[in-house]
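The basis for the numbers below is simple: all heavy atoms, side chains too, and nothing from hydrogens, waters or symmetry mates. Proteins come first, then strands; the chains are lettered A, B, ... in the order of their sequence lines, and each starts at number 1. If you're wondering where the values come from, they're calculated on a predicted model, not measured in any experiment.
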There are 2 protein chains.
Amino acid sequence: MQRFINDPDFVVDDMLRGFAKAHADKVYISRDNDHVVAIRERDRKRKIGLISGGGSGHEPAFLGYVGRGSLDAVAVGEVFASPPAETFYDAMIAANYNNEVIGLLGNYAGDVMNFKMAADMAKQDGITARYVTAHDDIASAKKGDEQNRHGIAGGYFMWKIGGARANEAATADEIILSVQNVVNKTRSIVVGLSSLTIPSVGKPNFTVEPGKMEFGIGHHGEPGIETADLAEADGVAEKMTQALLDDFEFDRPRHVAVMISGLGAMPMMEAYILYNKVEEVIRNAGHRIDHVYIGNFVTSLNMNGVSLTIVELDDEIERLLTEPDVPVGLENY
Amino acid sequence: MQRFINDPDFVVDDMLRGFAKAHADKVYISRDNDHVVAIRERDRKRKIGLISGGGSGHEPAFLGYVGRGSLDAVAVGEVFASPPAETFYDAMIAANYNNEVIGLLGNYAGDVMNFKMAADMAKQDGITARYVTAHDDIASAKKGDEQNRHGIAGGYFMWKIGGARANEAATADEIILSVQNVVNKTRSIVVGLSSLTIPSVGKPNFTVEPGKMEFGIGHHGEPGIETADLAEADGVAEKMTQALLDDFEFDRPRHVAVMISGLGAMPMMEAYILYNKVEEVIRNAGHRIDHVYIGNFVTSLNMNGVSLTIVELDDEIERLLTEPDVPVGLENY
């Protein structure tokens, strides 16, 4: 296994130590729990604490989204494993200002279950903890069953809008409304060209045959919609974009934001090659792209692959997207 | 070849089209030359145009470093190939404000040669074009022969300091002095765990045996200092850090900046695992880390590998590092 790791069973501990040191001016590790990353200096106007949490291996998600204008605390799980209820609870405590905390989660069953258990624990302390889940991955459940879709790179917009609203001193109800709105208007699709290797397993989780692509693969290698021949980039980009547009079923031209996120091992050159066609397909469909995000936002260990996300914009989302935010895991990229 | 590309011979053209669209509000492609990316709105106080240029495959370098507080124009070469003199010339024209342009280059022979030819051409137009080269890669030439070392991720600091000085309305002489100062105080070292695949070649350029690492490998696969057993991350981090500290020969405790840059296919989790030990080694040597940069700053196509850069800080560098800059290729990461 060609990797920069120490003991494969302690990659998350090692990462957390390095992360806390690298961003020591902005974040700290909770004294109660060495798997909770929290912001040092909260935004002045913010009344409501925002947290997230999930398995590791998706860096900069989730821990990198702690920061001003973004999340207050994150519960960090082991690789691809939900953080235990206690860790979510400790994140709630770290993020608590006024006894109301909102979880902005990725809609994985374990994360939601453990968050709920943690919310019951927090209730004993007089803290109300509610949650919203991103469900942008259209390949993870059929249309009509959106509530069972997983959250992937589209989570960026949930954290962004939630953070911006919280900084406007919005109430918990108001934040949840705004976040739910952007979640409902966000769709993503993934294409994988390689497997990924969980450090403690030490060998690839599955196989992608040369010349093939996994269309709609999940961020943990969950089977996608189909194994298809790997077309030229333009063909892949068109297929991804069309799948999202079909799922949206827009009845008129819209303003949209577009995000292309590498999954960990895709060179950035290829993100731009894909974007060239994505833009053309969206434009030819009559829509207008107001914001573009290209980088590594939510990854899958060392998978060579890419996610495409489209967000249907409205006045509120447009306004909040331009608010400054500084997720610590993105600030230097 | 599991890649998102169209015709392997036109990956740079496709990338440039996507790049120009994604950042259309900030940059444009020169009408004279479709391989020149230039800034739309120059900084108000800036008197001197700053350019760079080099082969593609190192994204976000070089083209992504166009931006406010950074470069005015970049000459984009084919993959791993120097831009022709004409392209450097057209970049000079695009970046020209007051007939003085400075090139901030990576110290590869072809880049420097073509830049010089372009400078001769620009002279006919009354434009003076001088250049400075980064030479941070300590593995690329022996100590004492620093002028023959290549520039890699340390180029970030050359562009940053140059851009910040230019925005202070500094003269060309002043900018060159400041840039040369930071160049002289920057050292990097690379470890590669895999080969890389040039799209038009279609197969890996070389081989890294499982369980081995290439210590000191170059950004195009140039042979390094040694092929060594791949140790645990802590061992790799210690070896890299010590190599840089040995090369600096500090005679007293210093303030430093540290950058860890993935080479294209390294998961960000591993950058933090490495940083945990890098920080310890530097601290134990008595030095203080004032700035940390973790991300993908200068890459090598799909190589799984990492570069470590240390910059010796002084008052001027400290001051200029905190100036805002917005290289378009980094703004969304």
Determine, step by step, whether B:Tyr272 and A:His23 satisfy the side-chain contact (heavy atoms from CB on, under 4.5 Å) criterion, reporting the C-alpha distance in whole Å, the side-chain angles of both residues, the deciding distance to 0.1 Å, and the verdict.
-> CA-CA 10 Å; B:Tyr272 285 111; A:His23 305 293; 2.8 Å; yes

Measure across [X] and [Y] and return the closest heavy-atom pair with its distance rounded to 0.1 Å.
| X | Y | answer |
| --- | --- | --- |
| A:Asn296 | B:Asn296 | ND2-ND2, 3.4 Å |
| A:Asn6 | B:Asp234 | OD1-N, 2.8 Å |
| A:Gln2 | B:Asn304 | O-ND2, 3.0 Å |
| B:Arg3 | A:Leu193 | N-CD1, 3.6 Å |
| A:Asn276 | B:Asp14 | CB-O, 4.0 Å |

Residue pair B:Met269, A:Val11: steps toward the side-chain contact (heavy atoms from CB on, under 4.5 Å) verdict = CA-CA 8 Å; B:Met269 170 185 271; A:Val11 289; 4.1 Å; yes

With a 4.5 angstrom heavy-atom cut-off, which part of [X] approaches chain A: side chain, backbone, both or neither?
| X | value |
| --- | --- |
| B:Asp13 | neither |
| B:Leu230 | side chain |
| B:Met266 | both |

Could you measure the distance from the [atom1] atom of [X] to the [atom2] atom of [Y]? Nearest 0.5 Å is fine.
| X | Y | atom1 | atom2 | result |
| --- | --- | --- | --- | --- |
| A:Lys21 | B:Lys277 | NZ | NZ | 8.5 Å |
| B:Glu59 | A:Ile294 | CD | CD1 | 12.0 Å |
| A:Met15 | B:Leu274 | CE | CG | 13.0 Å |
| A:Asp290 | B:Asp25 | CG | CG | 10.5 Å |

Sort out for me which of A:Glu280, A:Lys212, A:Met1 touches chain B most, counting heavy-atom pairs under 4.5 Å.
->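 Looking at each option in turn, the highest pair count goes to A:Lys212.
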
Is there a side-chain contact (heavy atoms from CB on, under 4.5 Å) between B:Phe4 and A:Val191 once you walk through the steps?
-> CA-CA 10 Å; B:Phe4 297 111; A:Val191 170; 3.8 Å; yes

Would B:Asn302 and A:Glu270 count as a side-chain contact (heavy atoms from CB on, under 4.5 Å) if you check the C-alpha gap in whole Å, the side-chain angles of each, and the deciding distance to 0.1 Å?
-> CA-CA 10 Å; B:Asn302 60 342; A:Glu270 299 176 28; 5.7 Å; no

Picking from B:Ala265, B:Gly262, B:Ser300, B:Ser261, which has the most non-hydrogen pairs under 4.5 angstrom with chain A?
->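 Top count of heavy-atom pairs under 4.5 Å with chain A: B:Ala265.
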
Report the option among B:Leu301, B:Leu16, B:Val79, B:Asp7 that has the most heavy-atom pairs separated by less than 4.5 Å from atoms of chain A.
->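 Most heavy-atom pairs within the cutoff with chain A belong to B:Leu301.
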
